[in-house]
> 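Starting off with a structure, shown below.
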Amino acid sequence: MLSRICWILCQEAKVGVIMEERTGGNEYREQRLENLERLKALGYAPYGRAFPRTGRLADVRAGFEEGKQVTVAGRLVACRDMGKSIFAHIYDGTDRFQVYVQKNKIGEDAFAAFKILDLGDFIGLEGELFTTRTEEQTLKVSRFELLSKSLLPLPEKWHGLQDVETRYRQRYLDLVANHDVRELFNKRIAMLREIRTFLFGRGFQEVETPMLQAMAGGAAATPFKTHYNALGCDMFMRIAPELYLKRLLVGGFDKVFELNRNFRNEGLSRTHNPEFTMLEIYEAFGDVNSMKELVQSLITHVAQTVFGTLVIGEGERRIDLTPPWRTVAYRDLIVEKAGDDWYGLDLDAARARATSLGVEVDPAWDLGELTHELYEKTIEKTLINPTFVTRFPVELVPLASACVDDPTVVDVFELEIGGCEVAPAYTELNDPLEQRRRFEEQAAGDASKMDEDFLMALEHGMPPAGGMGIGIDRLMIILSGAESIRDVILFPHLKPKTAPAGGE
RNA sequence: GGAGGCGUAGCUCAGUUGGCAGAGCAGCGGACUCUUAAUCCGCGGGUCCAGGGUUCGACCCCCUGCGCCUCUACCA
């Protein structure tokens with residue numbers, strides 16, 4: 001109990017220090033604390049209880065009728081005091097709504113109390129709807145309650161909150177100050193809902209598989225490591241749900257998807273956040289072609305229902321999502337860029353050709369690696385309209401089946417939109433012996449990297465299947481026209497401002 | 001990890017060959033019962049990111065560190 005109290009005191013001290021850092025002193029807070037006491041003295045409890053509303057502000061606006069009695073609640077975001085009457089705006093996340101407070105309507109005491117309110121305070125109001133001379137729908141207030149006193153000031157009303165660091169670190173301020181940010185996240189939420197609706201409509205079932213794994217497989221990324229105290233062993237955050245979803249195919253699920261977070265121990269960038277949302281879909285008895293049809297329908301459905309258009313952006317960044325989408329083989333793209341004779345060149349000639357095309361060449365690379373560098377550096381970013389790139393070299397994709405007509409390439413596509421890889425899909429490898437061979441090649445003799453448990457599952461028989469992963473954050477960037485992944489994730493990762501314990 | 005840019009009031013931003021630190025909004029006091037970036041009168045507000053150095057004097061020049069942004073690297 002004592003330690004609990006100490007902990008609380010310690011936390012409060014910390015908050016105090018942070019508060020001082022962020023507010024540059026307590027002047028504003030002191031004033032608001034004084035206002036809190038004054039309101040209390042007038043009988044307004046600073047932190048109220050439930051307040052039944054007629055509806056959200058957007059609902060009230062939609063159902064506006066002259067003279068209608070309503071109750072509403074929201075945050076006070078603007079206040080124009082005219083002596084014996086006040087015009088103010090409240091905001092509740094759905095809309096801004098004007099309220100009109102007159103001294104002789106709500107009474108002298110309540111009017112005096114209203115004048116003590118600070119911008120940012122949550123209030124509940126009751127009154128009658130009317131339209132002002134300038135034709136703004138407004139609430140004539142007959143009574144108000146204080147619901148929550150705000151002790152720290154909000155960002156400025158006109159310019160909003162611009163500082164990108166503050167916008168990411170204190171997203172709640174961004175959401176209050178910049179309504180378009182709220183709308184963008186509403187769209188993200190709507191997109192996730194539409195994806196689920198679409199997949200449910202096609203008979204897929206949503207499942208949940210472990211995020212905490214003894215072995216992080218299904219992709220080639222570095223995992224986050226953590227420790228499980230009760231079992232005394234290290235665990236990893238998953239880098240992909242793939243190997244568990246395939247176990248479900250073995251178990252008889254035939255159409256499953258998982259829409260949730262993956263964690264990869266990589267750097268931060270405009271297109272990388274260490275935890276990101278991935279949609280993985282598996283369809284038994286399907287293949288890469290059924291995935292192609294699925295993703296094309298899924299993305300056009302989302303674009304149409306959530307964003308209301310199949311054409312995004314303008315000029316060079318214009319993306320046209322109208323199906324059918326182009327399909328092109330990896331090899332054809334390479335030859336188109338590097339010349340018909342590329343695959344016949346010896347290594348030195350290929351290096352020279354790549355250099356002349358602007359690729360920085362690592363002398364350790366073989367022709368395959370050099371080719372892929374060429375693809376990533378000069379071709380991928382030019383694929384603006386949706387493009388299915390197919391028939392990748394087998395060494396790039398260890399979990400996919402080979403093409404029937406050519407065992408050196410695999411039956412996959414990578415969907416590129418806006419020069420960005422959005423969705424890879426495979427005809428999944430279900431041959432356990434071939435899978436073991438490829439794992440062995442990858443693990444290079446390190447037995448601890450062999451996922452024997454997964455191989456055992458495969459040996460019980462996995463139906464042929466199509467599988468696909470869609471990077472939801474990147475899809476959101478493309479559909480919304482956002483600049484950065486940090487703009488489409490509510491709380492993107494930034495370096496901690498004060499170093500956490502246990503750093504290097 | 002490497003290169004470049006940025007960091008000034010609660011917010012948005014000016015600023016100085018190196019010579020007392022500025023505006024708008026927000027805040028405080030006052031006037032105003034149809035305003036909406038309300039208006040009018042008056043007032044307060046600063047660790048100029050942090051720490052060193054050069055200088056009579058540094059917000060400004062130099063060095064180091066921290067954070068953010070962009071590019072790059074890592075990343076199926």
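Protein chains get the first letters and strands the later ones, always in sequence-line order, with residue 1 at the start of each. As a basis for the values below, the full set of heavy atoms in this structure was taken, side chains included, without hydrogen atoms, waters or symmetry mates.
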> Can you check whether Arg133(A) has a side-chain N or O nearer than 4.0 Å to OP1 or OP2 of U35(B)?
no

> Less than 4.0 Å between a side-chain N and a carboxylate O, is that true for Lys140(A) and Glu128(A)?
no

> Could you state the atom-to-atom distance from CG of Leu76(A) to P of A26(B) in whole Å?
12 Å

> Under a 3.5 Å cut-off for both contacts, is G24(B) paired Watson-Crick or G-U wobble with anything, and if yes, with which nucleotide?
C11(B)

> Choosing from U35(B), C75(B), C69(B), which nucleotide comes nearest the side chain of Phe87(A)?
U35(B)

> Separation of Leu243(A) atom CG from A76(B) atom P, in whole Å?
15 Å

> Any donor-acceptor pair under 3.5 Å joining the side chain of His159(A) to the base of C11(B)?
no

> Strictly below 4.0 Å, N to O, side chains only: are Lys115(A) and Asp81(A) in salt-bridge contact?
yes

> Is Trp158(A) stacked against the base of A37(B), taking the criterion as centroid distance under 5.5 angstrom and interplanar angle under 30°?
yes

> Looking only at side-chain atoms of Glu421(A), point me to the closest of A76(B), A26(B), C32(B).
A76(B)

> Return yes if the base of U35(B) and the side-chain atoms of Glu136(A) contain a donor-acceptor N/O pair under 3.5 Å, otherwise no.
no

> Which nucleotide sits closest to the side chain of Arg169(A): G67(B), U70(B), C75(B)?
G67(B)

> Measure from NZ or CZ of Arg238(A) to the centre of the six-membered ring of Phe263(A) and say whether it is under 6.0 Å with the direction within 45° of the ring axis.
no

> Kindly say if Lys495(A) contacts the phosphate of G67(B), meaning a side-chain N or O under 4.0 Å from OP1 or OP2.
yes

> If each of Lys103(A) and Glu165(A) is mapped to the nucleotide of RNA chain B with the nearest heavy atom, which maps nearer the 5' terminus, i.e. the 5' end?
Lys103(A)

> Both Asp118(A) and Arg474(A) contact RNA chain B. Taking the nearest nucleotide for each, which residue is further toward the 5' end?
Asp118(A)

> Rounding to an integer number of Å, can you tell me how far Leu173(A) CG sits from C11(B) P?
9 Å

> Between Glu434(A) and Arg437(A) (salt bridge meaning N to carboxylate O under 4.0 Å), is one present in this structure?
yes

> Would you say Arg486(A) places a side-chain N or O within less than 4.0 Å of OP1 or OP2 belonging to U70(B)?
yes

> So, does Lys377(A) get its side chain near the phosphate of A73(B), meaning an N or O under 4.0 Å from OP1 or OP2?
yes

> Look at the side chain of Asp81(A) against the base of U35(B) and say whether a donor-acceptor pair falls under 3.5 Å; ignore hydrogens and angles.
no

> C71(B), G10(B), A76(B): which one has an atom nearest the side-chain heavy atoms of Tyr426(A)?
A76(B)

> Check if the side chain of Thr132(A) and the base of U35(B) share a donor-acceptor pair of N or O atoms closer than 3.5 Å.
yes

> Separation of Tyr330(A) atom OH from A76(B) atom P, in whole Å?
14 Å

> I'd like to know if Gln102(A) reaches the base of U33(B) with its side chain, counting only an N/O donor and acceptor under 3.5 Å.
yes

> Could you give the CG-to-P distance, from Leu494(A) to U70(B), as a whole number of Å?
11 Å

> So which nucleotide does A37(B) pair with, by the Watson-Crick or G-U wobble rule with both distances under 3.5 Å?
none

> Send over the distance from Asp163(A) CG to G10(B) C1', rounded to a whole Å.
13 Å

> Can you check the distance between A9(B) and U55(B), where both ends of the measurement are the P atom (answer in whole Å)?
30 Å

> Please name the nucleotide paired to C61(B) by Watson-Crick or G-U wobble geometry with both distances under 3.5 Å, or report none.
G53(B)

> Any idea which of G45(B), C34(B), C11(B) is nearest the Tyr100(A) side chain?
C34(B)

> Separation of Asn35(A) atom CG from G27(B) atom C1', in whole Å?
10 Å

> Is NZ or CZ of Lys292(A) both nearer than 6.0 Å to the six-membered ring centre of Phe388(A) and within 45° of the ring axis?
yes

> Taking Asp332(A) first and then Arg391(A), would you say they form a salt bridge - that is, a charged N and a carboxylate O separated by under 4.0 Å?
no

> Name the closest nucleotide to the Leu399(A) side chain, picking from A76(B), C74(B), U12(B).
A76(B)

> Below 4.0 angstrom, N of the basic side chain to O of the carboxylate: do Asp92(A) and Arg56(A) qualify?
no

